[in-house]
Amino acid sequence: MNLERVPNEEKLTLCRKYYLGGFAFLPFLWLVNVVWFFKEAFVKPTYNEQPLIKTYVKRSALGLLFWVAVLTTWITIFQHLRAEWGEVSDYLSFTIPLGVE
Amino acid sequence: MGPGYAKWIITVVFCWLVQIASSNSVEQKIYVELNNTVPCVRLLNATHQMGCQSSISGNTGVLHMLETESDLDIILNTGPHPPYMVLMDAAFFNSNTMMRMKNSTRVAGVAVVISNSGPPQGFSPHNKCPNQNTGVYSDTYGPRLADCNGTVWNPLGNGLSFEDFKFPIFSMKDDNQTEVIRKCILDHNMGVNGSVPTYPLCAIQLFSHMHAVTSTATCMRRNDIQNNYSLNPETFCDPLGDYNVWAPLRPINFTDKGHKANESVVVAATRLDGRSFFWDIATGAEGTVAGFVTLLAASQALKPTAQQAPPPRNILFTFFQGEAFDYIGSSRMVYDMENKNFVIDLDNVHSVLEIGQVGLRRGTDLYMHTDPISRRNNSSVNEEVEILFSNMSSVAAGLGLTLAQPTVTQPLPPSSFQRFLRARSIPGVVLADHQSAFNNKYYESVYDNAAYLNASYPPDLTPEEQLEHVTDAALALADVATLVARSLYLQAGGEESQIPNITADPKIVTQLLYGFLIQSNNSYFRSLTNPEDNSLLESQAPQYYVGVPITSSTIKRSTRMVQYLLANYTGNPTSLNQSKCQDPSGLPGESKELYTYLWVRGSNGSESSPYCCRSTVRRTKAISPAFDLDLKQYDSQIYSTWTESRWKLIRARIFLVASHDLEMLTLGVGIAVLLLSLLITYFLSSKAELLFAPAQESPGTAY
């Protein structure tokens, strides 16, 4: 879909849908929202729906950042301590690497 | 443009694919594959991993021949091309060298060229006290005898099989292939007049990446998790195991498990397996074959008399599999007996006569090992052992053998009988050729082979002549087999007057030794097995490493072979035809509960005269109880927990490697060319209008 050709009201609905959808543990929707609507929110000359789009994009970015922080921390901890945890980490792993402790 | 064009494209693509698949000539030009190699693989027990492994993409290193002590210094300290792949003769394959390499980061792997005969001072990669922790002696049972405190059975053991090497170790035979490697080293890796050799150098790449790590507890847990939760489960390791083979003299109903009233059984036991440092090489001539050939010959010698004048007690011939790995077979049978899963239980066991290593006796000496603890604590056991000893001694004297008891305080050598004693005080002896430490200088090593057992043949004999040639080893073992057969008959309560009729045939012993040590594909073995069982016989020496079952129904060749032989020796030919042989139920006098029916090729000169052999021989699973679904004790201290890791690729190849600088230069030039081509393309497309004259405007096209 080309945003250029979409009327402003529809842009707002779309942006809101993505923003709300992100709360269903789908941080990638927020990522898409931020990338997709960044220009609409911060570059384009002002129009009526822009302030709301701006808020959604900002909040999406914030949520995304939170997710990135949480996931990076967890992945770092898990990868470092997986071997040490032994049994627990085997149960946490979906694929267990071959030939590695 | 049309269907014709599409067809043309498909043809071109297809040709291209075929070319890729059929000729990888570049690879063939670079690498020389080494096919006759055997790796050392990773084995695991309850607490440790041991063996060898490469990285997932194989270990590569410049080859260096280890011939002198100074070579070792070059490899470990001064050489300019680390990490090295070490090519060594078997003489250097000892604990000292290997441990120094293990602790060095400059060794990428080892290739050992195995010779046919071992070093004269002996070599055993096993430990000094085999099956130390799963025998009967422990803190609660004869604590002063535990851990080989009394007698070190295998003093030459250097424990290499129990080390965990972080690099691959492959073995090779001394043949054309090793000549190729040697030539490659001589041509490329020897500097002129002692100078540093220059690139390109001869290198070798060894692949033996192992899936399992840490311990059996870890890899079995991962197996279970993957099986339960993964859509595409990976297996990390498999429990070692195969089948025990056994046959009672008088039939026992197979479907009726647990205690049998009025059944008193003398167990005649021996082991069916051995091992070595390398995977699936275990010739075990003295350690394994001598024992079970003796018991097979004894069963054959016993049959006529036992059928004419059956002794009051039953005799159970048992061949235990997996004994080298903490008594897998015997612990399983005892466990089944305790849990009423076997045709008899421990109450039915009258006594045990086990045949240990008997092929290398010094002069006429044989030794009868007994358990001092049960004899001291239990007077009835002691009495029975004394009776057994006096019976055997008198039989031995008649054969010109000297049978002695080691000192009364000496414990039992590593033996399956220990697993029976763990469960109960049962009278029994272990017959062996050694008084204390093993006579076997090559215990559980690749050198424990036919030549070491003196089963050697004069040159220029055809295979058929070799088969018939009675070797010294066969003569010696035939005496032992006679001793065993007669002792069993007396022990089972048979008449003393029948004893002279029981004699083992040296010719059969020599044929057995030939089949089990030289090649199983011979006319004698063919005549005693099913002609349709093509995969059974092989034209080389069978290997006795217990291994893991490839599928749930695979059975080791040697196990099946022993089953066929035992069936022929203890059973009788019947007049059933081939289809009736498979399912004789309903026929008068035949019963699948009591007997096993095997279709056998038979022999009538060179012609085959197949018949159906009815015997009491059975196979039961020899998988450690630790892996039993009811128990699942992967960290068991009581039962064997040995597993073998899985792997995807075992491979060895040699090639010439260029210097690091040259490799980097090639890569750099490649990248530069790529970037340049991108740049040119970009330039060309941006200036396309200038460079290429616009095509003639086609009139009439409007969008």
Side-chain angles (χ1 to χ4, degrees), chain A residues 1-8 10-11 14 18 21-32 34-36 38-40 43-44 63-64 66-101, chain B residues 39-44 46-59 164-168 206-238 632-635 643-650:
Chain A
M1 187 189 290
N2 192 345
L3 275 187
E4 304 291 331
R5 296 183 190 173
V6 176
N8 287 341
E10 222 168 291
K11 279 184 202 164
L14 212 60
Y18 270 74
F23 283 104
F25 303 102
L26 297 170
F28 270 97
L29 284 189
W30 284 338
L31 176 68
V32 171
V34 171
V35 172
W36 209 11
F38 187 82
K39 267 189 188 165
E40 292 292 332
V43 183
K44 286 272 172 72
L64 179 68
F66 169 76
W67 269 96
V68 168
V70 168
L71 286 180
T72 342
T73 325
W74 168 245
I75 290 165
T76 317
I77 292 173
F78 182 72
Q79 290 301 339
H80 268 91
L81 301 178
R82 195 179 54 80
E84 236 170 85
W85 289 347
E87 194 171 347
V88 179
S89 60
D90 280 351
Y91 280 104
L92 288 177
S93 302
F94 192 71
T95 44
I96 300 172
L98 302 175
V100 179
E101 270 177 52
Chain B
C40 139
V41 303
R42 176 170 288 166
L43 298 177
L44 308 101
T47 48
H48 288 82
Q49 63 177 34
M50 47 210 94
C52 321
Q53 95 154 345
S54 76
S55 73
I56 197 160
S57 50
N59 281 24
D164 181 34
F165 292 96
K166 301 289 181 208
F167 49 76
L206 302 178
F207 295 84
S208 65
H209 180 251
M210 298 290 143
H211 292 182
V213 283
T214 314
S215 65
T216 289
T218 303
C219 72
M220 288 302 288
R221 178 183 70 226
R222 291 183 174 181
N223 280 353
D224 291 349
I225 292 173
Q226 287 272 303
N227 277 329
N228 289 341
Y229 302 114
S230 178
L231 294 174
N232 186 16
E234 282 275 3
T235 309
F236 294 83
C237 61
D238 303 285
K632 271 201 180 183
Q633 289 176 351
Y634 301 144
D635 54 355
T643 50
E644 180 188 281
S645 170
R646 287 261 179 121
W647 59 83
K648 286 216 170 70
L649 185 65
I650 297 284

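Lettering of chains follows the sequences in order, A, B, ..., and the numbering in each one begins at 1.
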Does either side chain, that of Asp224(B) or that of Tyr634(B), offer a donor lying less than 3.5 Å from an acceptor on the other one?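 Checked: Asp224(B)/Tyr634(B) side chains pair up, N/O donor to acceptor below 3.5 Å.
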Indicate whether any N or O donor in one side chain lies under 3.5 Å from an N or O acceptor in the other, for Ser215(B) and Thr218(B).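 Looking only at side-chain atoms, Thr218(B) and Ser215(B) do form a donor-acceptor pair, the distance falling under 3.5 Å.
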Who pairs with Asp238(B) by side-chain contact (heavy atoms from CB on, under 4.5 Å), at least two apart in sequence or on another chain?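 Checked Asp238(B) against side-chain contact (heavy atoms from CB on, under 4.5 Å); matches are Thr235(B), Val548(B), Arg646(B).
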Among residues two or more places apart or on two chains, list those pairs meeting ring-ring contact (aromatic ring centres under 6.0 Å, His included) that have a residue in residues 209-229 of chain B.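 Counting only pairs at least two positions apart or across chains, no ring-ring contact (aromatic ring centres under 6.0 Å, His included) contact touches residues 209-229 of chain B.
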I need the residue from Val100(A), Thr95(A), Asp90(A) with the largest number of non-hydrogen atom pairs under 4.5 Å to chain B.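 With the most close heavy-atom pairs to chain B, the winner is Asp90(A).
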For chain A, which candidate among Gln49(B), Arg42(B), Met210(B), Arg222(B) shows the most heavy-atom pairs at distances under 4.5 Å?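 Heavy-atom pair counts peak at Arg222(B).
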For Gln53(B), is it the side chain, the backbone, both, or neither that has a heavy atom closer than 4.5 Å to a heavy atom of chain A?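 The side chain, not the backbone.
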